[in-house]
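Reviewing the structure listed below.
The shown structure was predicted, so the numbers you read here are calculated from the model rather than taken from an experiment.
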Amino acid sequence: MNPVKALENHRQAVWLDFLARGFVANGDLKRLIETDGVKGVTSNPSIFEKAIGSSDEYDGAIGQALKKGDRSVADLFEHLAVEDIQHAADVLRPVYDKSHGGDGFVSLEVSPYLAMDTKGTIAEAERLWKDVHRKNLMVKVPATPEGLPAIEYLIGEGISINITLLFSQQVYRQVAEAYLKGLEKYVAKGGDPSHIASVASFFVSRIDSAVDKQLDEKIAKANDPHEKERLAALKGKVAIANAKLAYQDYKRLFSGARWDKLKAKGAKPQRLLWASTGTKNKDYSDVLYVEELIGPDTVNTVPPATLDAFRDHGKVRDSLEENVDDARHVLEELEKSGISLDAITEELVKDGVKLFADAADKLYGAVAHKRATSLGGGIDHQKLALGATIGKAVEKSAEEWRASAKIRRLWQKDKSIWTGDDENKWLGWLTSAASADVADYEDFAQRVKWQNFTDAVVLGMGGSSLGPEVLAQTFPHRTGFPRLHVLDSTDPAQVRAMEEYVDISRTLFIVSSKSGGTTEPNVMKDYFFDRVAKAIGKELAGHRFIAVTDPGSSLQKVAIKQGFARIFYGDPAIGGRYSVLSPFGLVPAAAAGIDVRSLLGHTLAMVRSCGADVPPQENPGVQLGLAMGIAGLDGRDKVTIFSSPDVADFGAWAEQLIAESTGKDGKGLTPIEGETIGDAAVYGNDRFFIDLRTEGEHDAAHEAKLAALEAAGHPVVRIVMKSIDHIGQEFFRFEIATAVAGSILGINPFNQPDVEAAKIKTRELTAAFEKTGSLPAEQPVVSADGVDLYTDAQNAEDLRKAGANGDLNSWIKAHLSRSGRGDYVALLAYIERDGDTIDAMQAMRLKVRDAKHLATCAEFGPRFLHSTGQAYKGGPDSGVFLQVTTDDGHDLAVPGQKASFGVIKAAQARGDFDVLTERGRRALRVHLKGDLASGLAALDAAISAALN
Ligand SMILES: O=C(CO)[C@@H](O)[C@H](O)[C@H](O)[C@H](O)COP(=O)(O)O
Ligand SMILES: O=C[C@H](O)COP(=O)(O)O
């Protein structure tokens with residue numbers, strides 16, 4: 001007789017420790033049921049990893065599933081697993097029916113990530129039970145301390161449970177107790193226990209592997225030949241002895257008055273199931289863990305190779321209750337040898353959880369890869385060319401992130417990923433896209449449309465303006481909707497230019513401020529409210545304003561008082577620079593008629609790609625973040641962003657995110673935005689390049705230059721977006737990347753201490769103005785033709801030593817001569833930002849870059865104060881700052897206060913400069929008197945002269 005089939009005569013059920021789609025589909029499982037009398041199937045994360053991860057058997061099913069709509073990697077896996085389990089359960093159903101529910105089960109394990117989480121295990125087990133929807137399912141729950149209460153609870157709910165990762169007799173007794181208690185609860189509720197089944201999966205071969213290892217070490221150390229022999233005699237014996245004694249416990253636990261009561265109600269005993277029964281040591285028989293554990297009312301789940309071996313040469317006898325005293329003796333002898341089985345089994349549980357988690361990581365990684373392949377252009381493409389050193393370090397770090405579950409912990413808001421400060425309170429952006437109220441945005445968009453506005457102007461700074469600016473500049477104007485603009489300046493000329501550009505009586509103003517207390521949006525609002533009131537009447541003016549702010553802010557109060565048309569509330573768990581996928585970005589988007597549903601739909605594909613269930617190796621956001629962080633630590637801390645014409649403004653948003661998040665505590669990454677691409681020779685070894693473009697914008701000349709940078713050994717990341725409609729994917733990718741880079745750098749990526757410092761200084765200066773009618777006097781270090789130069793005593797002394805004397809050229813030359821390898825030169829101009837001034841600044845920065853091979857920044861104040869300003873003051877001390885201020889020929893009054901726009905801007909520039917110099921930064925201020933264009937030309941000439 002077939003030895004496998006013969007086990008039936010000994011009342012042992014053979015289950016198969018294997019599952020794969022094709023194996024069930026092509027009838028192999030059915031054949032084993034018929035020929036070998038196989039009565040069940042077990043699965044675990046390793047089994048699914050082999051089935052799904054290491055074959056293309058599931059690719060079609062993945063494609064089919066995704067055709068119905070994208071889903072997360074965990075969902076996708078679960079969908080496949082549930083289908084497989086259902087198919088196997090259906091094939092085994094006749095066995096289940098014939099044995100009246102005694103056999104014919106298929107097991108599906110809860111995620112190993114939940115092994116230490118009772119609530120999570122319960123929720124997942126209940127979900128799987130419902131989704132698989134088969135009576136002959138067993139949900140597998142590990143015998144960890146957190147698993148035990150879940151087991152009791154789930155049994156009490158009438159769910160059949162297979163308890164896995166069980167190694168010790170003591171834990172086995174607890175497992176049986178949990179089962180009994182669960183049954184008692186179920187019966188007490190009036191449930192019929194006859195349909196509940198359970199097995200306790202007692203692991204065998206792994207015990208021998210662990211014990212034998214320790215025995216070998218002791219044998220090697222022992223001098224006495226008898227001792228060597230005694231120890232050697234224990235090898236390959238302990239696992240079986242342990243299992244045999246557990247069986248004795250089983251007999252005791254499932255007999256007697258307590259059990260009889262349950263039995264009378266129809267309860268079935270929880271059978272012991274021998275798991276891990278494939279032989280690991282080639283010196284042992286390949287059927288050892290089957291032959292020695294045959295006994296009534298037990299199960300042995302065997303891998304296919306062991307099944308084949310046993311069919312071929314297995315010997316069947318009632319072995320389980322043979323020599324039980326010898327088994328006790330084996331364990332006593334082991335104890336005497338100083339090897340603790342308790343310690344080993346405890347370790348094996350931890351190890352088992354880890355091994356299954358490792359397998360799940362591998363499996364999820366494979367599913368993530370298949371999902372990405374199947375979605376194709378649905379997810380923007382990212383290619384990292386990092387060079388050998390950084391590339392290897394990123395690989396190593398990714399593995400460390402995987403092994404310590406950091407991406408899952410990040411999504412679980414575990415602040416220990418960063419500095420352990422208050423990072424957990426700032427992670428609302430992870431879920432803001434998924435939880436957006438799309439219908440409300442659509443309704444709002446319709447209302448805006450009906451009002452026939454010509455323009456919509458966002459009044460806000462930094463996190464409240466840069467996202468909307470990207471949307472305004474990336475998406476074309478939608479017919480029927482207002483044109484979207486952003487005003488983020490206190491420069492009088494710039495404010496006036498916006499006023500002149502729009503039709504005040506047909507413009508919607510979106511006042512955006514998370515805190516509600518930021519100076520700029522408040523004075524801009526006061527200014528335009530006054531103008532609108534003058535144009536259409538005070539009572540109606542509020543109808544042209546909406547506010548986006550966090551609940552309870554001062555802006556909320558003002559908006560209510562002034563009768564704003566609507567207030568949208570932000571999430572206080574999202575910092576400004578991470579807020580674009582929340583009302584701060586989505587309200588302006590909706591107002592401009594951008595399809596918010598589609599924007600978020602595309603975004604969510606990237607959210608899923610960067611999910612907690614996507615291991616670092618396959619997770620695009622984590623990959624980018626690790627690369628940025630590691631390159632930064634390696635001295636390549638100038639993150640240089642090239643954005644193609646269609647997404648040209650993206651860099652301005654990304655630079656705030658990167659600079660403000662990472663630049664602090666003397667550490668961080670300095671984003672370099674807006675530099676046109678140059679030849680490899682103009683760059684130092686402090687660069688890290690990110691190139692972003694849409695698929696349709698292939699530019700051969702640009703690509704050739706990028707390739708040259710890569711060939712010269714610079715790390716280059718290329719991101720190709722399917723189209724501008726995918727911009728939300730990039731917002732989210734960069735957010736995750738920045739959070740990850742922050743972890744690598746060891747900073748809190750969600751605060752901005754030095755921005756606050758400059759804001760305080762500015763407030764002090766404007767308060768002084770309100771009191772006295774003038775800003776505190778200041779003395780230039782030099783007044784030359786058309787310019788005044790200012791700096792603090794230390795900088796002045798250093799600059800004089802470096803050759804600065806009575807004219808502009810000498811000061812500029814001295815100042816630039818203080819910059820060296822690894823430094824960056826930043827032009828910080830508090831002037832109107834328009835095409836001409838941008839060009840003038842660009843010309844100057846590129847001269848510096850090309851001559852000195854240094855990274856350069858060209859920023860406009862006060863805009864950059866809410867962006868890169870944080871890194872300039874708080875980041876690495878590698879900046880050389882040239883502040884540019886100017887006389888505001890035509891100042892503009894702010895209604896209701898003494899300080900005009902020009903005064904506020906001057907106070908902001910001084911506040912900024914004071915903090916820079918207080919921090920010991922290399923800073924010089926050039927104040928241009930008279931005509932701005934001539935002043936900029938003079939500065940340009942001075943820079944050229946200095947560089948020659
Ligand atoms: O727990 C059950 C069955 O309930 C099994 O599927 C169990 O996971 C497997 O037997 C083991 O993981 C296999 O272990 P090993 O052969 O890799 O040591
Ligand atoms: O990036 C943030 C800016 O400092 C603006 O802050 P706010 O939105 O609170 O006005």
Side-chain angles (χ1 to χ4, degrees), residues 65-66 68-79 111 113 120 123-124 127 364 367-368 371-372 375 378-380 407-414 423-445 463 467 470-471 514 548 550-551 568-590 594-615 618-622 625 653 657 721-722 725-740 750:
L66 290 172
K68 291 188 200 132
D70 185 24
R71 23 171 116 202
S72 73
V73 165
D75 264 10
L76 199 50
F77 160 66
E78 205 169 290
H79 168 77
S111 165
Y113 304 147
E124 181 155 314
R127 199 184 63 243
Y364 280 25
V367 175
R371 170 180 165 271
L375 291 177
I379 304 170
D380 293 346
I407 183 65
R408 287 201 296 284
R409 285 162 51 201
L410 185 154
W411 277 87
Q412 284 159 5
K413 307 190 177 168
D414 175 351
E423 291 89 344
N424 53 321
K425 296 194 181 139
W426 296 104
L427 290 159
W429 52 274
L430 287 168
T431 47
S432 68
S435 59
D437 185 348
V438 177
D440 188 36
Y441 289 117
E442 288 176 339
D443 176 65
F444 170 66
V470 176
L471 298 170
K514 273 196 115 0
V548 187
D550 281 1
F568 284 91
Y569 293 102
D571 176 355
I574 304 178
R577 57 189 176 274
Y578 292 83
S579 70
V580 61
L581 297 167
S582 80
F584 288 90
L586 300 177
V587 169
I594 294 169
D595 184 342
V596 172
R597 187 175 293 276
S598 145
L599 176 76
L600 290 175
H602 290 303
T603 302
L604 288 175
M606 182 60 76
V607 175
R608 293 183 195 101
S609 290
C610 297
D613 47 2
V614 183
E618 295 292 337
N619 191 311
V622 176
W653 173 85
L657 180 73
M721 299 164 55
K722 179 90 187 154
D725 296 330
H726 281 208
I727 196 79
Q729 295 201 0
E730 297 317 316
F731 288 139
F732 194 79
R733 181 205 306 270
F734 275 73
E735 285 170 357
I736 285 278
T738 303
V740 169
F750 308 113

(message) Could you walk me through whether Ile407 and Val614 satisfy the side chain to side chain contact (heavy atoms under 4.5 Å, CB included) test, starting with their C-alpha distance in whole Å, then the side-chain angles of each, then the deciding distance to 0.1 Å, before giving a yes or no?
(response) CA-CA 8 Å; Ile407 183 65; Val614 183; over 6 Å; no

(request) Show your working on side chain to side chain contact (heavy atoms under 4.5 Å, CB included) between Val367 and Asp613 and close with a plain yes or no. (result) CA-CA 10 Å; Val367 175; Asp613 47 2; over 6 Å; no

(request) Decide side chain to side chain contact (heavy atoms under 4.5 Å, CB included) for Leu471 and Phe731; before the verdict, give the C-alpha distance in whole Å, the side-chain angles of both, and the deciding distance to 0.1 Å. (result) CA-CA 11 Å; Leu471 298 170; Phe731 288 139; 4.2 Å; yes

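Residue pairs meeting the side chain to side chain donor-acceptor pair (under 3.5 Å) criterion with at least one partner in residues 431-441, sequence neighbours excluded, are Asp440-Arg566.
When all heavy atoms of Ile736 and Cys610 are compared, the pair lying nearest together is CG1-CB, 4.0 Å. Scanning both residues, Leu375 and Asp70, for their nearest heavy atoms gives CD1-OD1, 3.5 Å. A pairwise comparison of heavy atoms in Leu581 and Gly728 identifies CD1-O, 4.1 Å as the closest pair. Considering every non-hydrogen atom in both Pro551 and Gly570, the closest pair reads CD-O, 3.3 Å. Heavy-atom minimum distance, Ala589 versus Val596: CB-CG2, 4.3 Å. The two atoms that bring Ser579 and Gly463 nearest to each other are OG-O, 3.4 Å, heavy atoms only.
With sequence neighbours left out, Phe584 forms a ring pair (Phe, Tyr, Trp, His ring centres under 6.0 Å) with no residue at all. Taking Asp595 as the reference, nothing meets the salt bridge (charged side-chain N to carboxylate O under 4.0 Å, His left out) condition, with sequence neighbours excluded.
Side-chain contact between Leu66 and Arg71 is present, with at least one heavy-atom pair separated by less than 4.5 Å. Residues Val740 and Asn619 fail the side-chain proximity criterion, which asks for heavy atoms closer than 4.5 Å.
A perpendicular orientation is assigned to the rings of Tyr113 and Tyr364, their planes being inclined by more than 60° (bins at 30° and 60°). Aromatic ring orientation, Phe444 versus Phe568: perpendicular (interplanar angle above 60°, classes split at 30° and 60°). Note: Trp411 and Phe732 have tilted aromatic rings, judged against thresholds of 30 and 60 degrees for the angle between ring planes.
One finds the CG atom of Leu599 at 7.5 Å from the CD1 atom of Ile594 (value rounded to the nearest 0.5 Å). Atom CG of residue Leu427 and atom CH2 of residue Trp429 lie 6.0 Å apart, to the nearest 0.5 angstrom. With rounding to the nearest 0.5 Å, the separation of CD1 in Ile379 from NE2 in His602 is 12.5 Å. Atom-to-atom distance recorded for Tyr578:OH and Asp571:CG is 14.5 Å, nearest 0.5 angstrom. The CZ atom of Arg577 sits 8.0 Å away from the CZ atom of Phe750 when rounded to the nearest 0.5 Å. The CD atom of Gln729 sits 7.5 Å away from atom CE of Met721, with the distance rounded to the nearest 0.5 Å.
Here the rule is side chain to side chain contact (heavy atoms under 4.5 Å, CB included) with Met606, and of Glu735, Arg733, His726 only Arg733 fits it.
Side chain of Asp550 to backbone of Tyr569: no donor-acceptor contact under 3.5 angstrom is found.
Looking at Arg371 and Ser72, their side chains never bring a donor and an acceptor atom within 3.5 Å of each other.
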